[in-house]
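Working notes, structure below.
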Amino acid sequence: MDKRNALRAGAVSAVATLMLLMTSPAFANIRDDGDDPGKGLSVGETVGLYVVIPIVAFLVIAGLVALPSITGRKKKS
């Protein structure tokens, strides 16, 4: 059983490594003709975009899901 798990872990690691090596040219910082990256995000914009907006979206969706049970209506059966 341990050999099978070790073999599986080795295969997953090998595939993950190969995938990472295949995508490594995508990380290159080579500018193409007409490339205009624009200005970067500030710290506040980054936190708002990647932290605040997802938390607010989660709370809105959770509130909408919980709303029927909060109103307390009983289902007709």
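I70 is not connected to L59 by any chain of hydrophobic side-chain contacts under 4.5 Å among Ile, Leu, Val, Met, Phe, Trp and Tyr, and they are in different clusters. Under the 4.5 Å side-chain contact rule for hydrophobic residues, I55 and V43 share a cluster. Neither Y50 nor I61 shares a network with the other; the hydrophobic side chains, linked directly or stepwise wherever heavy atoms of I, L, V, M, F, W or Y lie under 4.5 Å apart, form separate groups for each.
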Would you mind writing out the side-chain donor-acceptor pairs for residues 11-22 within the sub-3.5 Å range, not counting sequence neighbours?
from	atom 1	to	atom 2	distance (Å)
S13	OG	A9	O	2.9
T17	OG1	S13	O	2.8

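Applying the side-chain contact (heavy atoms from CB on, under 4.5 Å) test to I53 and every residue at least two apart in sequence or in another chain returns L49.
Taking NZ of K3 as the start and CZ of R8 as the end, the distance is 15.5 Å to the nearest 0.5 Å.
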